[in-house]
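Note that the structure is a prediction, hence the values are computed from the model and not measured. Lettering follows sequence order; numbering is per chain, from 1.
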Amino acid sequence: MSFLTKRAWSPYAAGIVVGLLQIPAFLFMQTALGTSSSYVTISANLASFVDPSITTIKYASNHMSGAKNWWQVALIAGIVLGAFVSSRLSGTPRWGVSPVWAKAMGAHSPARRYFMAFLGGVIMVFGARIADGCTSGHGVSGIAQLAVGSFIAVTAMFGAGIIAANLIYKRV
Amino acid sequence: MSVFAAMLLGLSMGAVFGMALEKGRVCEGGVILCQMQMSRHTMLKMFLSAVITGLIVLSVMVGFGFAKLSPKATLFAADVVGGAILGVGIVIAGACPGTVLAQIGTGYKDAIFTFIGGLFGALLFTYLEPNLLKPVLTSGAYGKLTLDQVMGLPFPAVALSFAAILIGFLVWLEKVSPWQGEIGPKADGLVETPSAPAGEPAKA
């Protein structure tokens, strides 16, 4: 099982593993891999403690229950688990923040990075919900199904991302 | 399928997904950033490999009638606007909605803030959707449009041809920029380590 203790697989092998996950997704769940709608399932359920009327919003109630929605919540929990185990098996655990941020932004406080991470998270999932999918749902799964909307969304995502990465940051 | 069984399935699929994201190194903000600056291409290589595998797997499953496709509807304005906002968010966060969870698993602290931010982003959308966003979301709607329908050809024919083109592209990309040289000595996507002691050999 030496492949489990390797620090890195070739990106091709890693990508093939992700692509093969479409088999159980389509066979058992009649859906494709995706991650960003689980953010709605989790946040709407949490918000319902404070604002019970959120269930009257159709978009929220569509995401709050059912096997497909909770399958995806379990999927993203599994990602945390898999990455945790993988990084410990290979002796590559991380802590704090990546050194890439000092290189991209110059010296800055951890608080500033945490604030950016939070802001980036808000924008990222807000955008993913408008587009109805993210890098996995539109990217990996949508393109594999030849969905025209996914080609458009992925082009917009990479296009805006490339412009932003070159405008905001120093070269990494 | 019961919710419990679906969650057990999801958890085990997620564990494999998470391991692949970690081993493929796209759990690194550095790998995402250098991809978006187009200097190194680990993310694109892994992404396209997953797409190619999906195209082949789905061609077989659809061709033999094991599965029915579930493509997302084409909503031109929503796809363009949402996709662009998503792209900017990915660059600021240094993560995608899926890879941020792999970052949390490896131990990066800022990823927890990204994830919590993501929950707020989803909530913001949920509250704004019925009134503010509907007009944007529904303009340029073409339904569940797929490329094979547009071309009037069977799905496996188009999917496998497209897969062949992508494989050709990856073969070329790997030739001009081999993957081992792109992940960096610490496997975090950074190829120069100015803080490393002089004379220390870089490990692949």
Side-chain angles (χ1 to χ4, degrees), chain A residues 9 11-12 14-19 22 26 35-36 39-40 43 59-60 67 71 74-75 78-80 82-84 86-87 93-95 97-98 100 114 117-118 120-131 134-136 140 143-149 152-153 156-157 160-161 164-165, chain B residues 1 3 6-7 10-11 14-15 18-20 22-24 29-30 33 36-37 42 45-46 49-51 53-55 67 69 71 74 79-80 82-89 91-93 96-98 101-102 105-108 110 113-114 117-119 121-123 125-126 129 145-147 187:
Chain A
W9 295 345
Y12 309 107
I16 288 169
V17 170
V18 173
Q22 302 289 9
F26 273 91
T35 54
S36 68
Y39 285 79
V40 182
S43 67
Y59 187 81
W71 166 78
L75 185 85
I79 294 176
V80 178
F84 175 84
S86 177
S87 64
R94 305 300 194 192
W95 48 87
V97 303
S98 164
V100 71
Y114 293 153
F118 177 82
V122 174
I123 297 171
M124 166 179 98
V125 176
F126 185 67
R129 289 296 85 215
I130 291 177
C134 60
T135 321
S136 41
V140 172
I143 305 265
Q145 297 181 77
L146 302 175
V148 173
I152 299 169
M157 178 190 96
Chain B
M1 190 183 285
V3 173
M7 287 186 79
L11 196 67
M19 176 162 271
E22 203 273 340
K23 297 293 188 205
L33 280 203
M36 288 302 190
Q37 291 184 339
T42 305
K45 288 171 180 177
M46 179 168 169
S49 300
V51 169
T53 309
L55 285 164
L69 295 181
T74 301
D79 288 330
V80 170
I85 295 174
L86 168 66
V88 172
V91 166
I92 296 174
C96 313
L101 295 141
T106 63
Y108 281 129
D110 50 345
F113 291 86
T114 309
L119 293 179
L123 209 55
F125 177 83
T126 303
E129 195 260 351
L145 198 62
T146 56
L147 215 54

Would you name the heavy atoms of [X] and [Y] that are closest together and state the gap between them?
X: A/S98; Y: B/G30; result: OG-N, 4.5 Å
X: B/T106; Y: A/S87; result: CA-OG, 3.7 Å
X: A/A160; Y: B/A84; result: CB-O, 3.4 Å
X: B/L86; Y: A/T135; result: CD2-N, 4.4 Å
X: A/S86; Y: B/E22; result: OG-OE1, 2.5 Å
X: A/V40; Y: B/A122; result: N-CB, 3.8 Å

Inset, instruction - Evaluate side-chain contact (heavy atoms from CB on, under 4.5 Å) for A/Y12 paired with B/K45, printing each intermediate quantity in order. - result: CA-CA 6 Å; A/Y12 309 107; B/K45 288 171 180 177; 3.2 Å; yes
Legend entry - Inter-residue atom distance B/M7.CE - A/W71.CH2, 0.5 Å rounding: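 Between B/M7 CE and A/W71 CH2, I get 12.5 Å after rounding to 0.5 Å.
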Inset, instruction - Output the distance between atom OG (A/S43) and atom CG (B/L119), rounded to the nearest 0.5 Å. - result: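 Interatomic distance, A/S43 OG to B/L119 CG, rounded to 0.5 Å: 5.5 Å.
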Flag the one option from [options] with the top tally of heavy-atom pairs under 4.5 Å to chain A.
options: B/G82, B/C96, B/A187; answer: B/G82
options: B/M1, B/K23, B/M36; answer: B/K23
options: B/L69, B/V88, B/V80; answer: B/L69
options: B/D110, B/L145, B/T126, B/L33; answer: B/D110
options: B/G24, B/G29, B/A102; answer: B/A102
options: B/L101, B/T74, B/V3; answer: B/L101

[Y] and [X], any side-chain heavy atoms less than 4.5 Å apart:
X: B/L11; Y: A/L75; result: no
X: B/T114; Y: A/M124; result: yes
X: A/I130; Y: B/I85; result: yes
X: A/L146; Y: B/L55; result: yes
X: A/W9; Y: B/M19; result: yes
X: A/Y59; Y: B/F125; result: yes

Looking at [options], which one has more heavy-atom pairs under 4.5 Å with chain B than the rest?
options: A/G127, A/A83, A/A14, A/A156; value: A/A83
options: A/V148, A/I143, A/V100; value: A/V148
options: A/Q145, A/R94, A/R129; value: A/R94

Legend entry - Interface moiety of A/V140 toward chain B, non-hydrogen atoms closer than 4.5 Å: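 Contact with chain B involves both backbone and side-chain atoms of A/V140.
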Legend entry - Side chain, backbone, both or neither of A/T35 within contact of chain B (heavy atoms, under 4.5 Å):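 When you check distances to chain B, only side chain atoms of A/T35 fall under 4.5 Å.
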Legend entry - Portion of B/Q37 that has a non-hydrogen atom of chain A nearer than 4.5 angstrom: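 Both backbone and side chain.
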Inset, instruction - Spell out, as yes or no, whether a donor-acceptor pair under 3.5 Å connects the side chain of A/Y39 to the backbone of B/L123. - result: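 No; zero donor-acceptor contacts below 3.5 Å.
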Inset, instruction - Please work out which of the three classes, parallel, tilted or perpendicular, describes the rings of B/F113 and A/Y114, given edges at 30° and 60°. - result: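 A/Y114 vs B/F113 ring planes: parallel.
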